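Working notes for the structure below.
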Protein chains: 2
Amino acid sequence: MAEFDFGDRVVQINQNSLQSKCDTCPIHNRTMCAFAGEDAARELAMISRTRRISAGQTIVTEQDSLDFVGNVVSGVVKLSKTLEDGRQQIVGLLFPSDFMGHIFSDHTRFAYEAASDVEICVFDRKAFETLVQNNPEIQHELLLKVLTELDATREWMVLLGCQNARERIASFLLMLLRRSLQTGCPKEDLPPNPTIRFPINRKNIALFLGTTIETISRQIQSMSKARILKIIDGNTFEIINPGRLAKMANHEEWLEDYPV
Amino acid sequence: MAEFDFGDRVVQINQNSLQSKCDTCPIHNRTMCAFAGEDAARELAMISRTRRISAGQTIVTEQDSLDFVGNVVSGVVKLSKTLEDGRQQIVGLLFPSDFMGHIFSDHTRFAYEAASDVEICVFDRKAFETLVQNNPEIQHELLLKVLTELDATREWMVLLGCQNARERIASFLLMLLRRSLQTGCPKEDLPPNPTIRFPINRKNIALFLGTTIETISRQIQSMSKARILKIIDGNTFEIINPGRLAKMANHEEWLEDYPV
DNA sequence: CTCGAGAATTGATCCGCGTCAATGATCCGA
DNA sequence: TCGGATCATTGACGCGGATCAATTCTCGAG
């Protein structure tokens, strides 16, 4: 065991076992960890810890203090706000390699919940903040990540503000398709009929899209009848015509790879 | 005139006249400029320039490259996206002291337009990026600003996703009230019946709230009948009961100062 | 002052989708 | 294998707010 001082607290961690975790981390090179220098990477590895949360469990409630940050390793974390009367809106879905946490602030305004079985790699927040302050290159990566997330959030704002149910669901399918293609496969190898799985249940999709499970169901059936997709099972779909789907979403830039 | 090298370009600027501008800047201490060290502040002053844009003029279109960044000095800048069929959604309104620009990226996905007569203090983007990279404390302030903006954007996402027209308009009024109180007046000095002015026209409010000018008109009249506000003129309103307005908005934390 | 253009209000109508309710599918523990 | 629970699908209905249209208000030019 080694003892490390992160400014306002002392952390004791087994250095070897944790260092090795990052080497086998399936998402390491897509997270901000990949941009850390050698020393910072060692520190990150030392303060990291893996947590598993099963679907439906709350990780942090609104207004709670969030004393850790981290990366989603597998599964989907939902970020949501619930009004007094029970209405809820999901304001973000965090997929593997996404950064999770509310840094440089003592309380979040949104609840974090596992939308599926989830594995996250967490760091003590204060320790991570100290590390960020001492490593401008990590802070820069973090800034870029947050800027990207801000843009993505604004895109969804367009969706919620002025697109109808059909467009919202088409956009959601496209987002899933894009996330599943993010491994960076060359354009000519794109499958003509990609397959999509819903990683979360209908209720959460509805809460994210600002609609209802009934409307989602009707639209999926309607797309199936229109031969835009084929329902393999309730959660799996073969996209017969990605181009038409993109056109339907009215968000062309979300699927540049599949021309209409 | 002095000549300054910002990495990839050389800028010639009259140092004295520009330095003096920041001293008289009405919003200086609320912008990230206030956090710059002495050297950085001098650089900022040197690369800054004031631009005036009249209401309705486009500053940057979507997909354009945005070669400057800056702070809004007066007026309101709208950040929006327009779909092919003409539907438009405003994803952000920038008020005085707000930072404007799309840093560390060569093209924006949103258009910038003056929603009222506007005065902005601009910096060359590349020069500013260099300055940020060389000044971790400015980068940190920028990160905090972006994080705050991300949270604010998510709050509006809740609004667009699951709140009705009445709640949206009440929330908009509260936001204006809060912005106008940001000078930091002590709680006991709060005016019991504050006055609000719409800084932008109905069309832009509607585009921001994901509704229509007709609906806004009807809701305002309805609030007037319910004695929640008094219509001074078409753009000015006396808030008779801030507490009930907050309750109506269902976003209690937006007006903690006025208990229900 | 008048005139015309753009902005806001007010009224009438209609439709997308939320709501409620019933049925069907899947899964798990007993 | 059965029964209960959870989740998804399908149908019927109604409402909030978009749409269309007419009127009123505001303001700057002449």
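Keep in mind that this is a model prediction, so the values were computed, not measured. First the proteins, then the strands, lettered A, B, ... as listed; each starts at 1.
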In whole angstrom, give the distance that lies between atom [atom1] of [X] and atom [atom2] of [N].
| X | N | atom1 | atom2 | answer |
| --- | --- | --- | --- | --- |
| Ile231(A) | dT9(D) | CD1 | P | 7 Å |
| Ile169(B) | dA8(C) | CD1 | P | 13 Å |
| Phe198(B) | dA8(C) | CZ | P | 10 Å |
| Arg168(A) | dG16(C) | CZ | C1' | 11 Å |
| Lys203(A) | dT19(C) | NZ | P | 9 Å |

Closest nucleotide among dC17(C), dA18(D), dA8(D) to the Asn201(A) side chain: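 Minimum distance to the Asn201(A) side chain belongs to dA8(D).
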Select one nucleotide: of dG17(D), dG11(C), dC17(C), the one nearest the side-chain heavy atoms of Glu214(B).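 Ranking dG17(D), dG11(C), dC17(C) by closest atom to the Glu214(B) side chain puts dG11(C) first.
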Answer yes or no: is there a side-chain heavy-atom contact under 4.5 Å between Leu147(B) and Asp151(B)?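 No, their side chains stay 4.5 Å or more apart.
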Check: Phe99(A) and Thr31(A) side chains under 4.5 Å, non-hydrogen atoms: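 No. Closest side-chain heavy atoms not under 4.5 Å.
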Tell me yes or no: between the side chains of Thr215(A) and Thr212(A), is some donor less than 3.5 Å from an acceptor?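 On atom types as modelled, these side chains qualify, holding a pair under 3.5 Å.
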Would you classify Gly56(B) as touching base, sugar-phosphate or nothing, given that sugar-phosphate means primed atoms plus P, OP1 and OP2, and contacts are heavy atoms under 4.0 Å?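 No contact.
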Backbone N or O of Glu149(B) within a donor-acceptor pair of the Thr153(B) side chain at under 3.5 Å?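 At least one qualifying donor-acceptor pair exists.
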If only atom types and distance count, is the side chain of Asn71(B) paired as donor or acceptor with the main-chain N or O of Val73(B) below 3.5 Å?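 Checking the backbone N and O of Val73(B) against the side chain of Asn71(B), no donor-acceptor pair under 3.5 Å is found.
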Below 4.0 angstrom from OP1 or OP2 of dG18(C), is there any side-chain N or O of Thr211(A)?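 Yes, such a contact exists.
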Looking only at side-chain N and O atoms, does Arg166(B) come under 4.0 Å of OP1 or OP2 in dG17(D)?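 Answer is no, no contact under 4.0 Å.
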Does anything in residues 215-228 of chain B reach DNA chain D, meaning a heavy atom under 4.0 Å, and if so which residues?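 Thr215(B), Arg218(B) - these, ordered by number, are the residues of the stretch whose heavy atoms sit under 4.0 Å from the strand.
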List for me each residue that meets salt bridge (charged side-chain N to carboxylate O under 4.0 Å, His left out) alongside Glu214(A), sequence neighbours excluded, and say none if there are none.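 Scan of Glu214(A) (salt bridge (charged side-chain N to carboxylate O under 4.0 Å, His left out), adjacent residues dropped) gives none.
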